[in-house]
Protein chains: 2
Amino acid sequence: MQKKVIPELNPNVSVDCVIFGFDLDKLTVLLIDRGQQTQGGPRLALPGNLIYNDENLDQAANRILNELAGINNIYLEQVGAFGDPNRICKEADKEWLQSIRAEPEARVITVAYYSLVKMADYAPRASSFAKTAGWAPVTQIFELAFDHYEILQVAKDKLRQKIKIQPIGFNLLPEKFTLSQLHKLYESILEKPLDKRNFRRKVQKLGIVTPLKEKQQGVPHKPSRLYKFNEEKYEALSKNGYDNFDF
Amino acid sequence: MQKKVIPELNPNVSVDCVIFGFDLDKLTVLLIDRGQQTQGGPRLALPGNLIYNDENLDQAANRILNELAGINNIYLEQVGAFGDPNRICKEADKEWLQSIRAEPEARVITVAYYSLVKMADYAPRASSFAKTAGWAPVTQIFELAFDHYEILQVAKDKLRQKIKIQPIGFNLLPEKFTLSQLHKLYESILEKPLDKRNFRRKVQKLGIVTPLKEKQQGVPHKPSRLYKFNEEKYEALSKNGYDNFDF
DNA sequence: TTTGAAAGTGTATAAATGACACGAAGTTAC
DNA sequence: GTAACTTCGTGTCATTTATACACTTTCAAA
């Protein structure tokens, strides 16, 4: 006695995505603008929506990113599940749900994901209920819809943990980059200054970057050497992690 | 126009708990036995069940642990959300759900938690739909209900990550313990041998253990000195982590 | 009293970390 | 064209940390 399963939205489970980018100077995150609510309240939100009953969570995240920001098929890592019964408490959020959901009062648990992408590859386009989508520097975000601000903080923590175990940057930087840019990337994720010389030494010893013969052009100061990632070394370290610190 | 919210089970979201213990020799995990199904298939499962709509996820986990194993109010960390549409695929699992759920066919996303407890403090008692509850060595578990085996593996990974950043043992060992027991605990979590002398040196330099004047009794060999945890140092390291490796 | 079994201890080598300052190479403004 | 500005790029030393490794001690049991 099987029920026939018709693909349908699950009213109780959503997915939200924290997509990090890097503008060569600071860490940014992709947000959608849901427009002004009559109640006021935050306009900006993480891209996210309810899942369908026939898709798994990763698939849902990728579908939603596509629908809301035109981003396709990227690798996502889970941040965690957020299920406070009061996570939908702001009036502006309730008003907004009235306009987009069939069951706006339903209890919703959300599963958050994060990812790192090259900003240049994903000029986000508005669509669906996102009036616009765009990149905002993480340091300039102070409130978001629902519990999205909290989710962002947890995602930043996860990223900060990850950076200690795996190399980061391949998915955030253009193909050719300078060590200063990589340095700034690490500083903006870790939110603290790192010694320039020690940073360079470490990166080079790890062997994840290869110097090119080219140099930066059009900068009003000494041009920097360009590097690319050494994919084999980078991959190896991504898989195995920095295996330091085995207790 | 508020709907009145009557506390009710959410048919789409469950919580499962991976409770680790340590029998002074190997890592164990708390499982419930749901009894023989007519279809055969695994009898053992992680303690877990659907959540209520008026409780958050952590509360749900604690409630369920209490109901299924008589464990109260412990600190839990999230493993992640598991939402494959086919995670309920074994015939034995479907049969079991028929017997305990109002909507046995519903799509269920589960949020997994893990925790570390002193086995002696929680002689698990059977109750609710758990015929019995008990501790099983993690190395002797080869299949479980639903996707619980996969959840267990991910929980083990999380624990292995955690141990590199924070001290572990306070919640797993009795008040007085030997360094060999702590050593074995680390080896069973990391699943590899650690050099005895280096381990002892490191633990003692961290300052998380304090030697007692007492020694082990009734062992058929040289008795070991007993230690207790230095709570301040342990707490400090739990909060701040081993701040090594700031890139 | 011998045997077995785990406890407990030290050193030397190699590697990683962290702190620190200045000349070089370009552009821009005058 | 020269001075001023900005970022690039580099090395050393002291300290700490990691790793590899073997033998004596202490107790209970046979």
Side-chain angles (χ1 to χ4, degrees), chain A residues 23-26 163-167 173 176-188 190 192-228 233 237 240-247, chain B residues 23-26 163-165 167 173 176-188 190 192-228 237 240-247:
Chain A
D23 65 7
L24 301 187
D25 185 52
K26 39 197 179 333
I163 208 176
K164 298 200 174 191
I165 295 173
Q166 288 182 8
L173 288 169
K176 299 171 184 177
F177 55 88
T178 72
L179 290 189
S180 296
Q181 288 164 352
L182 187 60
H183 183 203
K184 266 195 179 164
L185 171 59
Y186 271 76
E187 288 189 326
S188 32
L190 292 171
K192 70 179 173 188
L194 301 173
D195 181 86
K196 181 166 61 163
R197 280 177 289 195
N198 294 341
F199 178 83
R200 286 168 167 251
R201 178 174 25 143
K202 184 147 186 174
V203 168
Q204 293 182 91
K205 183 157 44 64
L206 287 176
I208 55 175
V209 293
T210 314
L212 301 172
K213 297 222 176 77
E214 291 171 77
K215 298 200 166 188
Q216 234 181 353
Q217 292 195 340
V219 286
H221 54 73
K222 178 174 177 178
S224 181
R225 158 156 268 111
L226 293 172
Y227 288 77
K228 61 178 176 134
K233 289 267 177 67
L237 284 175
N240 307 331
Y242 306 128
D243 211 17
N244 304 22
F245 203 35
D246 294 45
F247 195 75
Chain B
D23 65 7
L24 300 188
D25 186 51
K26 38 196 181 330
I163 208 176
K164 297 199 173 193
I165 295 174
L173 289 169
K176 300 171 183 179
F177 56 89
T178 71
L179 290 190
S180 296
Q181 289 164 350
L182 187 59
H183 184 203
K184 266 195 180 164
L185 171 59
Y186 271 77
E187 288 189 326
S188 33
L190 293 171
K192 71 179 175 190
L194 300 173
D195 182 86
K196 179 166 62 162
R197 279 177 289 191
N198 294 340
F199 178 83
R200 286 170 165 250
R201 176 161 31 118
K202 183 149 187 172
V203 168
Q204 291 181 93
K205 183 156 45 65
L206 287 175
I208 55 175
V209 293
T210 313
L212 300 172
K213 299 224 175 77
E214 293 172 75
K215 298 201 168 191
Q216 234 182 352
Q217 293 195 340
V219 287
H221 52 73
K222 179 176 177 178
S224 181
R225 160 156 265 112
L226 292 173
Y227 289 77
K228 62 176 175 133
L237 283 175
N240 308 331
Y242 306 130
D243 212 19
N244 301 21
F245 203 32
D246 294 45
F247 197 78

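Numbered from 1 within each chain, the chains take letters A, B, ... in sequence-line order.
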Open item on the list: Applying side chain to side chain contact (heavy atoms under 4.5 Å, CB included) to A:L24 and A:K184, what does each step give before you reach the verdict?
Closed with: CA-CA 8 Å; A:L24 301 187; A:K184 266 195 179 164; over 6 Å; no
Here the distance between atom P of C:dG8 and atom CZ of B:F199, to the nearest Å, is 13 Å
| said: Go through it in stages, so that I can follow the logic: the residues are B:Q204 and B:Y227, the test is side chain to side chain contact (heavy atoms under 4.5 Å, CB included), and I'd like the CA-CA distance, side-chain angles, deciding distance and then a yes or no. | reply: CA-CA 11 Å; B:Q204 291 181 93; B:Y227 289 77; 3.9 Å; yes
Whole-Å distance, B:N198 CG to C:dG8 P, equals 16 Å
To the nearest angstrom, the CD-P distance between A:Q181 and D:dT7 comes to 13 Å
Phosphate OP1/OP2 of D:dG11: any A:R197 side-chain N/O under 4.0 Å = no
Quiz prompt | Below 4.0 Å: OP1/OP2 of D:dT7 and any side-chain N or O of A:S180 | solution = no
Between A:D195 and B:R200, whichever has its closest DNA chain C nucleotide further toward 5' is B:R200
Note to self: For a quick test of reading the model: is some side-chain N or O of B:S224 closer than 4.0 Å to OP1 or OP2 of C:dA6?
What the structure shows: no
Within the pair B:K202 and D:dA18, is there a side-chain N or O less than 4.0 Å away from OP1 or OP2? yes
Whole-Å distance, B:K196 NZ to D:dT24 P, equals 14 Å
key: Sugar-phosphate only, base, or nothing, as touched by B:R225 at under 4.0 Å among non-hydrogen atoms   = sugar-phosphate
Here the gap from A:E187 atom CD to A:L182 atom CG, rounded to the nearest 0.5 Å, amounts to 10.5 Å
Closest to the 5' end of DNA chain C, once B:H221 and B:Y227 are matched to their nearest nucleotides, is B:H221
The reported gap from CG in A:L194 to CZ in A:R200 (rounded to nearest 0.5 angstrom) is 13.0 Å
Atom NZ of B:K222 and atom C1' of D:dC27 are separated, to the nearest Å, by 9 Å
Between CG of B:L182 and P of C:dG8 the distance, given in whole Å, is 13 Å
Taken to the nearest whole Å, CD/B:Q217 to C1'/D:dT26 is 15 Å
Would you say that more than 12 heavy atoms from the other residues, nucleotides or ligands in this model lie under 6.0 Å from the NZ of A:K26, or not? yes
Atom CD of B:Q204 and atom P of C:dG10 are separated, to the nearest Å, by 11 Å
Comparing nearest nucleotides in DNA chain D, the 5'-proximal residue of the pair A:R201, B:P223 is A:R201
